[in-house]
Amino acid sequence: MTKVQSLSGQQKLRQLARKQLGGDLQSAGTVRQSTAALPLDELQGNASFIDKHQQLSSRAGVVLTEQELFAGLTLAERANRRIRMRQEQQQLNLERVMTLALDYCTEMQTSQDVDPDWFSAYCELVLDISSHSMQKLWAKILAGEISSPGSFSLKTLLLLKQMNHKDAISLQLAASLSCRIKSQEPAHIYFGYVQQGSLWRWLAGKSRGMLNLSQFGLTYPQILNLIDLGLLHQSEIESGELGKNQQLQWYYHQQLLQGRTKHQGLVLQYYKFTSIGAELLPLLSSQPNPQYWQALQQLLADVIVFHQPG
């Protein structure tokens, strides 16, 4: 039986790069330093089509107007030039993403290989990703898949392809407000509660409470957008009824808080991430929001007794 070779994450990535790109990868720092030496039509993809052609002519020492730009070129020649520029930009995008992934790969040895069909689909989807922030997100996905093959489904890749920078910001804001109760995966965005079965509490106006998440940066249009993208479930979720004195352990980023319910029939309200949203959460460099965490504790203090773990 042939022994499966164990390689580090970076070694696996370099192996994939040689198969896909026909050469080895440099470090991300080297690539960033060397971009000045690249042809102008291979630099950042945010220049317009006309701008790129004007840069090419300027490099030759000739300043051309837009009308003069294509003089003497046939329609086929102009089409071929456009196709070449697009292909070069796509190649640059792919190489940048794979180079960025080097920074996220671990040195842990693994004998599992990335599924070749998955990697082929991944490379095709990355070709038109030119935003640096989105390139970093795709690079983290590749590094994660190399470390643990099967972590990211093709369905997740296809959805991520639809996302732009604004969508990524919304998801990052949602991640900053996400927390979980022990044994619950993935994290949820808690925003309210309902206290069932108490006439006195209903008469006193304490039967429910709710936070306005827009106060903490996550607006309702952003929530609707995340739902439309398939990253959050379509409706608000309610937990099952919690019993009196039920122990809870809340995890908010690196913080742990313990508590117990005061009354029978407490129902917690939250937004739930879909399986695709849950796959993307670990990739986001989201920071906790202290104002949200404090407001959530104040909201629930009427129905839960909180205390720091001893």
Treating Thr261 as the side-chain partner and Gly243 as the backbone partner, does any N or O pair qualify as donor plus acceptor under 3.5 Å?
yes
Can you measure from CG (Leu16) to CE (Met98) and round to the nearest 0.5 angstrom?
6.0 Å
Is there a donor in the side chain of His165 and an acceptor in the side chain of Ser133, or the other way round, less than 3.5 Å apart?
yes
Non-hydrogen side-chain atoms of Leu160 and Leu125 separated by less than 4.5 Å:
no
Apply side-chain contact (heavy atoms from CB on, under 4.5 Å) to residues Lys244 and Lys262 and explain how you reach the verdict.
CA-CA 6 Å; Lys244 184 177 180 180; Lys262 293 182 179 181; over 6 Å; no
Determine whether Leu157 and Ile141 satisfy the following criterion, side-chain contact (heavy atoms from CB on, under 4.5 Å), listing intermediate values before the conclusion.
CA-CA 9 Å; Leu157 298 186; Ile141 285 181; 3.8 Å; yes
For His188 and Ile237: C-alpha separation, side-chain torsions, deciding distance, then whether side-chain contact (heavy atoms from CB on, under 4.5 Å) applies.
CA-CA 10 Å; His188 304 323; Ile237 308 294; over 6 Å; no
Common cluster, Ile276/Leu224, ILVMFWY with side-chain heavy-atom separation under 4.5 Å
yes
Atom pair OG (Ser147) and NZ (Lys12), whose distance is rounded to the nearest 0.5 Å:
11.0 Å
Before we go on, tell me: are the rings of Tyr270 and Phe191 under 6.0 Å apart, centre to centre?
no
Stepwise side-chain contact (heavy atoms from CB on, under 4.5 Å) test for Tyr271 and Tyr190
CA-CA 7 Å; Tyr271 290 104; Tyr190 289 91; over 6 Å; no
What's the spacing between Gln135 CD and Ser130 OG if we round to 0.5 Å?
7.0 Å
Under a plain distance cut-off of 3.5 Å, with no hydrogens placed, do Glu145 and Ser151 share a side-chain donor-acceptor pair?
no
Kindly indicate, with the supporting measurements, whether the criterion side chain to side chain donor-acceptor pair (under 3.5 Å) is fulfilled by Gln287 and Ser176.
CA-CA 6 Å; Gln287 299 297 319; Ser176 72; over 6 Å; no
Answer with yes or no after comparing the ring centroid distance for Trp118 and Phe152 against a 6.0 Å cut-off, counting only values under it.
no
How long is the gap from CG on Leu154 to CG on Asp117, to the nearest 0.5 Å?
8.5 Å
Let me check something: do Leu248 and Leu256 share a hydrophobic cluster, defined by ILVMFWY side-chain heavy atoms less than 4.5 Å apart, either directly or through other members?
no
Gap between atom CD1 of Ile189 and atom CD of Glu236 - 0.5 Å precision:
11.0 Å
Kindly indicate whether the side chain of Leu173, heavy atoms from C-beta on, has any atom under 4.5 Å from the side chain of Gln222.
yes
Does any donor atom in the side chain of Asn93 or Asp128 lie under 3.5 Å from an acceptor atom in the other side chain?
no
Thr156 side chain reached by Ser153 side chain, heavy atoms, under 4.5 Å:
yes
So, the side chain of Ser178 versus the backbone of Ala187: is there a donor-acceptor pair under 3.5 Å, distance only?
no
What pair of heavy atoms forms the shortest contact from Ala295 to Phe216, and how long is it?
CB-CZ, 3.6 Å
On the 0 to 90° scale, with breaks at 30° and 60°, tag the Trp250-Trp293 ring pair as parallel, tilted or perpendicular.
tilted
Under 3.5 Å, is there a donor-acceptor pair between the Glu95 and Gln91 side chains?
yes
Would you kindly confirm whether Leu281 and Tyr251 end up in one hydrophobic cluster when ILVMFWY residues are joined by side chain heavy atoms under 4.5 Å apart?
no
Tell me whether Val267 shares a hydrophobic cluster with Leu211, the cluster being built from Ile, Leu, Val, Met, Phe, Trp, Tyr side chains joined at under 4.5 Å.
no
Just verifying a value: how many Å separate Ile129 CD1 and Leu94 CG, rounded to the nearest 0.5 Å?
11.0 Å
Any side-chain heavy-atom pair from Thr274 and Leu232 closer than 4.5 angstrom?
no
Are the side chain of Gln10 and the backbone N or O of Leu102 linked by a donor-acceptor pair below 3.5 Å?
yes
For Lys161, is the NZ atom crowded, meaning more than 12 foreign heavy atoms sit under 6.0 Å from it?
yes
Under 4.5 Å between side-chain heavy atoms, counting indirect links through other Ile/Leu/Val/Met/Phe/Trp/Tyr residues: same cluster for Ile181 and Leu300 or not?
yes
